[in-house]
Protein chains: 2
Amino acid sequence: MLSYTEENYLKALLKITFENGSNEAGTNELANTLVVKPATVNDMLKKLKEKELVEYEKYGKITLTSEGRSNAIEVLRKHRLWETFLYEKFDFSWDEVHEVAEQLEHIQSTKLIDKLEKFLDYPEFDPHGDPIPNKKGEIKVHFKKTLADVGVGNSCRMVAVKDNSSSFLQYVVKVGLGINNEIKVLSRQEYDALLVIEVNGQLSSVSQKFAENIFVVCQNCIIGKPCSKIKCEIS
Amino acid sequence: MLSYTEENYLKALLKITFENGSNEAGTNELANTLVVKPATVNDMLKKLKEKELVEYEKYGKITLTSEGRSNAIEVLRKHRLWETFLYEKFDFSWDEVHEVAEQLEHIQSTKLIDKLEKFLDYPEFDPHGDPIPNKKGEIKVHFKKTLADVGVGNSCRMVAVKDNSSSFLQYVVKVGLGINNEIKVLSRQEYDALLVIEVNGQLSSVSQKFAENIFVVCQNCIIGKPCSKIKCEIS
DNA sequence: TTTATTTGTTAGGCAAGCCTAACTTGTATA
DNA sequence: TATACAAGTTAGGCTTGCCTAACAAATAAA
């Protein structure tokens, strides 16, 4: 049985290795993600190595073992199922679900999670558009591009966000955006890539940074199928 | 913000004082309930006193302050709402709900609990028949008698159990009993008060100890209204 | 009322997770 | 290649929540 803290370390490692597009992570990187000091991470790494959940040598890189990885995926699965539940059944807004799901993801009960999944009718994506691992730990590989990649005059549909910070999510809502909303790119400033977009008739200017955090599919794409060369490697 | 452990101490105090029919508890008693050593309880009592959640002097009795009590009731409310949820929506059996609810009761989110309550349509009693405190912390006073109080030849309806141990609950199921089932008392042995009861046509012999742990209402009673002089003082 | 037993307290210790401060190793840059 | 900076490590310390062992107080029994 893993502690709440151990689960969070594994989950953070999964997140980092996914974002890096490799299967390696560093001590500082992990410390930043978890908002603790590198020294603390070092202690924990010894424990996780002892339990054969990570591979790791002094001054080397950290990788998840397959045991560690499957534990991390299980936590991710719970997190995303709970997010979906809160969003769909309890009218939580899009930017509220994360915080509560952070707590719920640590509840230990296989039966509960299986029932939850069934109750939600086996969803494949959470409210942020991220794929939900199935019971076997399989994750749909998800090909995505961002709003920053869409050409002027073209339309796309939002499927997910990259940044889950509350400030970002609130901004997204302010712009009038939500999952499955259509976005039309009206112009792009040469100098700083500032975009003017249209969402449900509402015009907004958004920065490049903002646009890079909005995952989209183009008009002929289907969620879960390739829609560009930009591969979002979750699995 | 209270820790998981602090919440459990307060909840245990509420339970003990309820069972004692007084508002006092002792160190050993609390240690037994929480399955820790008295010395550990002593440490925690100092902390809870510091936080003004309990009143307590050296070698004296422990009582909850109104602040401590309302915290404890909040935990109890969450516990019972989650039990109801698991039982009604996720097909958990009667004896499975407790363990998972023990974890869920510590999730911090007022919105979540309010939505949960609404989702369940403001239930007044949990699957064990125990009253669910409302948002203000009010608990329906519940007058109950037990199966041991029912006269030979009379019928009653089960509304709750006193003992929540898994072994007891499994035994209850084995006898064919569940909430709202009608029980007919066919005979009572003079010597040891052994009862023969009939539930859905099934005859069983049950001990006095067993019978004392089954709360019932008699035929003309309504749950939540007095049905005997035996008062079950939860509030 | 004296003694035995139960109940409660104190002191000192341990593991988990966190910290700071000082150090070492690795790597990028002049 | 020398050096400076970033990344990682170690040592020692803190809090929380638990423990055991020894002791003190209260209560029940003789």
Side-chain angles (χ1 to χ4, degrees), chain A residues 1-13 15-17 19-20 22-64 68 71-72 75 102-103 105-106 108, chain B residues 1-13 15-17 19-20 22-64 68 71-72 75 102-103 105-106 108:
Chain A
M1 186 100 324
L2 300 180
S3 73
Y4 187 107
T5 310
E6 288 167 334
E7 287 191 342
N8 281 335
Y9 273 79
L10 297 179
K11 194 182 58 160
L13 279 169
K15 186 183 175 212
I16 290 167
T17 55
E19 282 171 2
N20 286 351
S22 79
N23 59 346
E24 292 184 338
T27 306
N28 275 331
E29 216 173 4
L30 188 49
N32 289 334
T33 304
L34 290 164
V35 197
V36 296
K37 300 294 166 187
T40 307
V41 168
N42 217 277
D43 287 345
M44 182 58 92
L45 285 177
K46 287 171 190 159
K47 214 169 89 183
L48 295 175
K49 188 189 173 179
E50 186 57 37
K51 292 192 173 184
E52 298 189 347
L53 296 165
V54 302
E55 274 162 25
Y56 161 69
E57 296 303 331
K58 223 167 141 173
Y59 292 105
K61 289 291 175 184
I62 312 156
T63 56
L64 284 166
N71 273 289
V75 177
E102 284 289 300
Q103 300 178 61
E105 72 190 7
H106 299 291
Q108 306 284 169
Chain B
M1 184 103 320
L2 300 180
S3 73
Y4 186 107
T5 310
E6 288 166 334
E7 288 192 342
N8 281 334
Y9 274 79
L10 297 179
K11 193 182 59 162
L13 279 169
K15 187 182 173 210
I16 290 168
T17 55
E19 282 172 0
N20 287 351
S22 80
N23 60 345
E24 293 185 336
T27 305
N28 275 334
E29 214 174 6
L30 188 48
N32 288 334
T33 303
L34 291 164
V35 196
V36 298
K37 300 296 167 186
T40 305
V41 167
N42 218 277
D43 287 343
M44 181 59 92
L45 286 178
K46 286 170 190 160
K47 214 167 90 184
L48 294 176
K49 187 189 173 180
E50 186 57 36
K51 292 192 173 184
E52 299 189 345
L53 296 164
V54 301
E55 273 162 28
Y56 161 69
E57 296 304 330
K58 225 168 139 173
Y59 292 105
K61 287 293 174 186
I62 312 158
T63 56
L64 285 165
N71 273 289
V75 177
E102 284 287 300
Q103 300 178 61
E105 73 191 5
H106 300 291
Q108 305 285 167

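Chain naming here is simple, since letters A, B, ... match the order of the sequence lines and numbering starts at 1 in each. Excluded from the calculations below are hydrogen atoms, water molecules and symmetry mates; all remaining heavy atoms, backbone and side chain alike, are included.
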Distance in angstrom units between E57(B) CD and dT9(C) C1', rounded
14 Å

Under 4.0 Å between a side-chain N or O of Y9(B) and OP1 or OP2 of dC18(D)?
yes

Among side-chain atoms of N71(A) and E6(A), is any donor-acceptor pair under 3.5 angstrom?
no

Inspect the surroundings of CD in E52(A) and state if more than 12 heavy atoms from other residues, nucleotides or ligands are less than 6.0 Å away.
no

Under the side-chain contact (heavy atoms from CB on, under 4.5 Å) rule, what do T63(A) and V54(A) come out as? Steps first, then yes or no, please.
CA-CA 6 Å; T63(A) 56; V54(A) 302; over 6 Å; no

Pairs: protein N or O with nucleotides 10-13 of chain D N or O, under 3.5 Å:
residue, atom, partner, partner atom, Å
dT10(D), OP1, K58(A), NZ, 3.0
dT10(D), OP2, K46(A), NZ, 3.1

Assess whether a salt bridge exists between E55(A) and K61(A), defined as any Lys/Arg side-chain N lying under 4.0 Å from an Asp/Glu carboxylate O.
no

Sugar-phosphate, base or nothing in reach of Y4(B), heavy atoms under 4.0 Å:
nothing

Hydrogens and angles aside, do E102(A) and N8(A) bring a side-chain donor and acceptor to less than 3.5 Å of each other?
no

Specify the separation, in whole Å, of atom CG of L45(B) and atom P of dG8(C).
10 Å

Is any side-chain nitrogen or oxygen of T27(A) closer than 4.0 Å to OP1 or OP2 of dT9(D)?
yes

When the distance from CD of E24(B) to P of dT7(C) is rounded to whole Å, what number comes out?
15 Å

Euclidean distance, atom CG of residue L34(A) to atom C1' of dC19(C) [Å, nearest integer]
15 Å

Just how far, in rounded Å, is C1' of dA16(C) from CE of M1(A)?
17 Å

Taken to the nearest whole Å, CD/E29(B) to P/dT6(C) is 16 Å

What's T40(A) touching, base or sugar-phosphate or nothing? Going by heavy atoms closer than 4.0 Å.
base

Are there over 12 heavy-atom neighbours, none belonging to K37(A), within less than 6.0 Å of that residue's NZ?
no

With DNA chain C as reference, determine whether Y59(B) or V36(A) sits nearer its 5' end, using the nearest nucleotide of each.
Y59(B)

Spacing of K37(A) atom NZ relative to dC23(C) atom P, expressed in whole Å
20 Å

Kindly point out which of dA24(D), dT9(D), dT20(D) is positioned nearest to the side chain of Y56(A)?
dT9(D)

Here the distance between atom C1' of dT27(C) and atom CG of N28(A), to the nearest Å, is 14 Å

When you get a sec, tell me which of dT7(C), dC18(C), dG8(D) is the closest nucleotide to the side chain of T5(A)?
dC18(C)

Could you check whether any side-chain heavy atom of N20(A) comes within less than 4.5 Å of a side-chain heavy atom of E29(A), counting everything from C-beta outward?
yes

